[in-house]
Structures are given as C-alpha cells and as structure tokens.
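Note sheet for the following structure.
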Amino acid sequence: MAMAGALSLSQFPVCGSISLPKRLPRRRVCIRAMSETSSTSVSTQEEPTSDASSAPASSVTFAPPPNFKPPEPKRFAIRPDKTNEVLGALLPILFRFGTGVFASGYSFSFVSKDEIPPDQYALEINGYTVKETAKLGPRPDKPIEIYEFESCPFCRKVREIVAILDLDVLFYPCPRNGPNFRPKVLQMGGKLQFPYMVDPNTGVSMYESDDIIRYLVENYGDGNVPLSLSLGFLTTLTAGLAMLSRVGKGTTYTPAKFPPKPLKLWAYEGSPFCKLVREVLVELELPHLLVSCARGSPKRHILYQKTGHFQAPYLEDPNTGIEMFESAEIIEYLKATYALQ
C-alpha cells in the first residue's frame, strides 16, 4: 500500500495528512530592490541571436587542472571549510518561503521500494521511499535564453519561475564590467536592464521581470503566476533581502577565458549548493545551459539514469570533457580552468 499526500510550496493546494519535515555602493550593504538600468540606448536593425557570436573567438586550449579527478558524490555532506558559505546561501530559501525548491504541481507519496523502477530516482528517508511528481505545462523545443546576473533580485524572481516551470534555460551571465554579454543586451534591446529574455521558439524578447514571469507561465505553465511571485513590491523586497548573506557575490566580472561552448549545469534555484556554483559562473561570465531539476522534476530520473546517482549541482563541461558532482569542487574546477591567473 502507498500512503499518499500532496505538497506544494509553489502556491498549489496542500492535501493529505503528511507533511515534509541601482548598484551596490562599495563597503555598504544595500537592499534596494532595483534592477540595474541605464539610460543609454541604441537603434539597431539586428535581430536577437541565440548564440555567443558577439563574444571574442578563443584559440585557447581548454584542459582540466593537472591530475584532476572528479570527486565522488557525497549525499547531504558539506565540506567543513564551506559550512558558512552554505549556511549563507540557505537564507534566500527562508526569505522566499521555499520558492524555487518545488516544481509546479509538486506532490509526493510514500511507497514501497519495490514500486520504484530501478532506473528511477526516489528519495529515501529513514527507510521510507518517497515518490515525487509534478504537473508541468507545454515544453519549449529550444531552451529559453536569459541575460542576467546572480545578485539581482529581479533576476532571482525569473530564476524562481524557471525552476517552478522546470524549464531549461541558456543563461548568459552579465556581471558588472563583463565584456561579452552586457554589450549584446544593449545592442539587442536598446538598454542595459536585467533580466532580459529571448525565446527562440516564438521570437519574443523582453525586459521586466514581472512581464517575463507572466509570459513564461502563459506559454509553458498553467497560466497562473504563483502567489509568492505575484505580491508586487513584497516579492521584490523579499528577493532583495534574500541577497543579504551573499551580498556582492555573483555581481562583478572576474577576468576569465571565454569557452567555445556553453557549460551544462543541472541545478535549481532553491538549492544553496547550486547558488554557490552559479555565483562563480556569473563572475567568470561563463554561458551555461541550466537543466532545471527542482523537487518533482522528471529530469531527476534522467540524471539518475545517466550517472547512477542524483545530486545537484552536476556540471558537464564540453570544453574539457569533465563531468562532476560536489559544489565546492566544481567551484575550484571552474576557477582553475577558466579564471585568468
């Protein structure tokens, strides 16, 4: 027999009796919830493109650090020297009430271990097997493209809906002083404002986080904006407060080698481990395809079948052939491989 219940922290009904346990001035904390904008504008006839063709071509040979070996995944483990960083990255989950942790229509049930096929992922808690599912909308043929940076509260709102809708997104990081994608946003849209979305499936491109959220739920969801993303100023305020413990991280460009191909990151917005990796990807201005895998996502089964394990984040680097778990080691790998020493 299966004990069934349903849960959603993404504004969906809860049923059943089971419950699961302008710019930051230097040297000053600022929580003003404003996207970075510029009054500068240009006139252009060029159509938005979906690749990084505006970035400089690189003839640099990419290779992992000498004697590098991907670590074995350690479930629910925090490397001792990273404890404070992980705890700081947990703060957004509290301020945002878990938004971005669960996929749309998330539900769970306690089942017998025999009911789960051997090639499918299932969470095990104290001897119980938990089957998790979600109810998702239409799937885009091509990844949505979003230009943004980690420490922007407006960008966080869009990343949260991406996790809820379980969308795969090609992120083009736009840290301050970044030489590649900030100029491209100005060229495509006429102003420096983030986030900026391009949907290659429909040809639609737009600024404004609330407009992007509505567009995504109308085209790839059930048409309803989740409650925690529809509270106007309160939503933006809590998204800004969520940045306090990691203020300045994922904001400013660190000189780096530009990769020939985007990296691939299996992650979701509600994970503190994924957040730490995303901060570094943004600072190094490394374009990456984010494969959303929040709780309930069917893509958890795909990663499980691919690796025999599920854990996020999981990085695939087509430029070096490296594939690896463990956020602390992923960060060290990214800096050693791409940061200019």
Side-chain angles (χ1 to χ4, degrees), residues 8-12 32-37 48 92-93 95-106 134-140 142-174 185 188-189 191-243 250 267-271 274-275 278 282 290-297:
S8 172
L9 295 186
S10 301
Q11 301 65 242
F12 294 88
R32 277 181 294 174
M34 299 185 67
S35 60
E36 184 180 58
T37 61
I93 301 177
F95 275 111
R96 296 296 299 133
F97 310 107
T99 308
V101 174
F102 300 93
S104 178
Y106 174 85
K135 296 180 180 179
L136 304 175
R139 304 290 82 189
K142 300 177 183 178
I144 308 299
E145 299 164 16
I146 297 178
Y147 296 75
E148 53 87 58
F149 59 101
E150 180 70 19
S151 61
C152 166
F154 296 95
C155 299
R156 179 179 177 87
K157 289 161 53 179
V158 171
R159 295 195 304 268
E160 287 177 349
I161 197 62
V162 163
I164 292 170
L165 299 178
D166 199 43
L167 296 174
D168 293 349
V169 169
L170 185 54
F171 279 110
Y172 291 112
C174 298
V185 169
M188 292 190 298
K191 54 184 176 180
L192 283 177
Q193 180 176 308
F194 304 95
Y196 181 71
M197 183 209 73
V198 176
D199 186 347
N201 303 282
T202 62
V204 170
S205 59
M206 64 176 66
Y207 293 102
E208 299 298 337
S209 58
D210 289 340
D211 292 341
I212 293 172
I213 289 169
R214 282 192 292 270
Y215 171 85
L216 292 176
V217 298
E218 288 171 2
N219 287 272
Y220 305 113
D222 61 5
N224 298 311
V225 177
L227 177 62
S228 64
L229 285 168
S230 60
L231 299 177
F233 174 74
L234 182 59
T235 295
T236 305
L237 176 63
T238 55
L241 290 171
M243 306 293 179
Y268 60 104
E269 185 63 17
S271 165
C274 298
K275 175 175 175 54
R278 272 264 315 161
V282 170
L290 187 139
V291 181
S292 291
C293 51
R295 302 220 69 92
S297 170

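Residues take their numbers from the sequence shown, with the count starting at 1. Nothing here was measured: the structure is a model prediction, and the numbers come from that model.
For Pro226 against Ile164, the heavy-atom pair with the smallest separation is CG-CD1, 4.0 Å. The two atoms that bring Ala294 and Asp166 nearest to each other are N-OD1, 4.5 Å, heavy atoms only. Here the closest non-hydrogen pair linking Pro140 and Leu167 is CD-CD2, 3.8 Å. The nearest pair of heavy atoms linking Glu150 to Met243 is O-CE, 3.7 Å. Taking both residues in full, the closest heavy atoms of Pro92 and Ala242 are given as CG-O, 3.2 Å, listed atom of the first, atom of the second, then distance. Residues Ala134 and Ala103 approach most closely at CB-CB, 3.8 Å, considering heavy atoms.
Using a 4.5 Å cut-off on side-chain heavy atoms (C-beta onward), Arg159 and Arg278 make contact. Between Val158 and Cys155, the closest side-chain pair of non-hydrogen atoms is not below 4.5 Å. Looking at heavy atoms from C-beta onward, Leu216 lies in side-chain contact with Met197 at the 4.5 angstrom threshold. Using a 4.5 Å heavy-atom threshold, the side chains of Ile212 and Pro195 count as touching. The shortest distance between side-chain heavy atoms of Lys142 and Asp199 does not fall below 4.5 Å.
From Ser104, atom OG reaches atom CD1 of Ile161 across 8.0 Å, with rounding to the nearest 0.5 Å. Atom-to-atom distance recorded for Phe97:CZ and Thr235:OG1 is 9.0 Å, nearest 0.5 angstrom. Here Met206 contributes atom CE and Arg214 contributes atom CZ; the two are 9.0 Å apart, rounded to the nearest 0.5 Å.
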**Request:** Could you walk me through whether Asp210 and Lys157 pass the salt bridge (Lys or Arg N to Asp or Glu O under 4.0 Å) test, one step at a time?
**Result:** CA-CA 8 Å; Asp210 289 340; Lys157 289 161 53 179; 2.9 Å; yes
**Asked** Yes or no on side chain to side chain contact (heavy atoms under 4.5 Å, CB included) for Arg96 and Val101, after CA distance, side-chain angles and deciding distance?
**Response** CA-CA 10 Å; Arg96 296 296 299 133; Val101 174; over 6 Å; no
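Every residue was checked against the ring pair (Phe, Tyr, Trp, His ring centres under 6.0 Å) condition with Tyr220, not counting sequence neighbours, and none meets it. When the side-chain contact (heavy atoms from CB on, under 4.5 Å) test is applied to Glu208, the partners found at least two apart in sequence or on another chain are Gln193, Asp211.
When the options Asn201, Val162, Asp168, Leu170 are evaluated for a side-chain contact (heavy atoms from CB on, under 4.5 Å) with Ile144, the one that passes is Asn201.
Note on ring orientation: taking the six-membered ring where Trp is involved, the planes of Phe194 and Phe149 are perpendicular (angle over 60°, cut-offs 30° and 60°).
Side-chain N or O atoms of Tyr207 include one that pairs as donor or acceptor with a backbone N or O of Lys191 at under 3.5 Å.
Taking the charged nitrogens against the carboxylate oxygens, Arg156 and Glu148 have no contact shorter than 4.0 Å, which rules out a salt bridge.
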